[in-house]
Amino acid sequence: MKRLARIGFRLLVLVIAFFALFPFYYAIISSFRSGSELFSVAYLPERFDLSNYVAVFERQPFGRNILNSIIVSSSVVALSLALGITAAYAFGRIAFRGRSLLLMTILAVSMFPQVAVLAGMFELIRAFSLYNTLPGLILANLMLTLPFTIWVLTTFMRELPKEIEEAAFVDGATPWIVVRRVFLPLMAPAAVTTGLLAFIVSWNEFLFALTFTLTNERRTVPPAIALMSGSTAYELPWGTIMAASVIVTIPIIALVLVFQRKIVAGLTAGAVKG
């Protein structure tokens with residue numbers, strides 16, 4: 001029975017992996033095809049034509065779009081972690097009136113769909129003269145990443161032993177020094193995990209990026225891919241779209257492979273006490 005259970009578990013893992021990876025695999029194959037070949041089913045690469053990858057950068061400023069996504073996503077991660085760690089210290093270590101209500105309010109903000117807050121966010125960005133700018137996208141994406149960053153880091157902060165903090169205070173440390181030199185190294189796995197999630201959310205964000213940008217030079221990769229056009233108004237360049245999708249997926253895969261150890265440590269942190 002145990003052997004059958006192991007075999008069944010491995011088969012289930014293979015099915016899940018196939019279901020998750022096949023769309024990306026088929027996108028890679030399609031990125032090397034063009035013309036009528038895209039409308040025929042093929043599960044193995046027939047040839048490696050790089051014309052679609054060349055066309056991605058020739059038809060529009062896609063390199064600039066990638067740079068915009070890197071700037072926006074990196075800035076969102078930095079601000080989310082900076083604000084999230086300090087907020088987690090306040091929520092996890094300092095007892096004050098209304099703490100639970102404020103945490104629930106932060107969680108409630110993340111439950112609203114983007115469409116529900118789109119009009120209000122547009123008015124805010126226009127009032128600050130941030131329309132069609134990267135800072136405007138950074139501000140909008142913070143609304144998506146900051147709530148779950150605060151919640152995850154607050155949960156992790158509460159699991160850290162109080163004796164470490166008390167010993168630092170006895171030695172004359174200030175709360176800022178405790179956060180920066182004591183808690184920050186201990187929270188590295190959780191910070192990497194939440195930072196990577198924030199990066200993925202910001203990198204893939206589409207609605208705000210489409211609404212709050214006007215020109216190709218200010219767009220990030222999701223709206224840039226969605227607005228790709230062919231040689232005529234009636235042509236949808238599937239080959240170019242697939243090539244662009246493969247290009248923008250590679251940085252996410254690279255980040256996951258580089259930080260996979262810390263990601264696993266961050267996901268399992270706090271699961272076992274002692």
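The first residue of the sequence shown is numbered 1, and numbering continues consecutively from there.
- Closest heavy-atom contact between M242 and A27: CB-O, 3.6 Å.
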Any chance you could lay out the side-chain contact (heavy atoms from CB on, under 4.5 Å) test for I164 and L186, step after step, and finish with the verdict? CA-CA 11 Å; I164 299 177; L186 296 175; 3.9 Å; yes
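- Checked against T145 for a side-chain hydrogen bond (donor to acceptor under 3.5 Å, both in side chains), the options S80, S73, S202 give a single hit: S80.
- At a cut-off of 3.5 Å, with distance as the only test, a side-chain donor of E165 or Y89 sits close to an acceptor on the other residue.
- In this pair, Y131 and F122 present their aromatic rings perpendicular. The plane angle is above 60°, beyond the 30 to 60° band.
- Hydrophobic clustering (side-chain heavy atoms under 4.5 Å, transitive across Ile, Leu, Val, Met, Phe, Trp, Tyr) keeps F9 apart from I7.
- At a threshold of 4.5 Å between side-chain heavy atoms, the hydrophobic network of Ile, Leu, Val, Met, Phe, Trp and Tyr places V72 and F206 in two separate groups.
- No continuous path of ILVMFWY side-chain contacts below 4.5 Å connects L160 to W176, so the two sit in separate hydrophobic clusters.
- Rounding to the nearest 0.5 Å places CG of L102 at 4.5 Å from CD1 of I106.
- F22 and V15 fall into different hydrophobic clusters, defined by Ile, Leu, Val, Met, Phe, Trp and Tyr side-chain heavy atoms under 4.5 Å apart, directly or through other members.
- Distance check, rounded to the nearest 0.5 Å: CZ of R64 to CG of N68 gives 4.5 Å.
- Between the side chain of N132 and the backbone N or O of L214, at least one donor-acceptor pair lies under 3.5 Å.
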Hey, mind stepping through L44 and I29 against side-chain contact (heavy atoms from CB on, under 4.5 Å) and telling me if it holds? CA-CA 7 Å; L44 295 175; I29 294 177; 5.7 Å; no
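- Considering every non-hydrogen atom in both Y53 and S31, the closest pair reads OH-OG, 2.7 Å.
- Contact annotation: the side chain of F128 approaches that of L139 to within less than 4.5 Å [non-hydrogen atoms, C-beta and beyond].
- For the pair E166 (side chain) and V170 (backbone), a donor-acceptor distance under 3.5 Å is absent.
- Atom CZ of R93 is separated from atom OG1 of T154 by 11.0 Å, given to the nearest 0.5 angstrom.
- In this structure the side chain of V248 reaches within 4.5 angstrom of the side chain of F62, judged on heavy atoms.
- The side-chain heavy atoms of F169 and P175, taken from C-beta on, include a pair separated by under 4.5 Å.
- Clustering ILVMFWY residues whenever any of their side-chain heavy atoms sit less than 4.5 angstrom apart, transitively, puts V256 in a cluster other than the one holding I16.
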Audit row: L107, M111, side-chain contact (heavy atoms from CB on, under 4.5 Å) steps and yes/no: CA-CA 7 Å; L107 180 62; M111 293 181 180; 3.7 Å; yes
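- Scanning both residues, A244 and V56, for their nearest heavy atoms gives N-CG2, 3.9 Å.
- Across all non-hydrogen atoms, the minimal contact from S30 to N52 is O-ND2, 4.1 Å.
- No side-chain donor-acceptor contact under 3.5 Å links R218 to the backbone of F212.
- Between the side chain of N141 and the backbone N or O of V76, no donor-acceptor pair lies under 3.5 Å.
- Counting heavy atoms from C-beta outward, V179 and L184 have side chains that stay 4.5 Å or more apart.
- Counting only heavy atoms from C-beta outward, the side chains of S245 and I241 approach each other to under 4.5 Å.
- V178 places none of its side-chain heavy atoms less than 4.5 Å from the side chain of T174.
- From M187, atom CE reaches atom CG of L153 across 4.5 Å, with rounding to the nearest 0.5 Å.
- Of the possible donor and acceptor atoms, none in the side chain of T211 sits under 3.5 Å from a partner among the backbone N and O of F208.
- Heavy-atom neighbours of R158 CZ from other residues, nucleotides or ligands within 6.0 Å: above the threshold of 12.
- Without hydrogens or angle criteria, D171 side chain to A173 main chain gives no donor-acceptor distance under 3.5 Å.
- Interatomic distance, Q114 CD to L144 CG, rounded to the nearest 0.5 Å: 5.0 Å.
- Closest approach of V246 and F24 over heavy atoms only: CA-CE1, 4.2 Å.
- The nearest pair of heavy atoms linking I138 to S75 is CD1-CB, 3.5 Å.
- Taking the six-membered ring where the residue is Trp, F96 and F91 present tilted rings, their angle falling between 30° and 60°.
- Counting heavy atoms from C-beta on, the side chains of I247 and F57 come closer than 4.5 Å.
- Classification of the W203-F199 ring pair by plane angle, with boundaries at 30° and 60°, yields parallel.
- L118 contributes atom CG, which lies 9.5 Å from atom CG of L210 (distance to the nearest 0.5 angstrom).
- Looking at heavy atoms from C-beta onward, N65 lies in side-chain contact with Q60 at the 4.5 angstrom threshold.
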Carefully, step by step, assess V152 and T193 under the rule side-chain contact (heavy atoms from CB on, under 4.5 Å). CA-CA 9 Å; V152 172; T193 303; over 6 Å; no
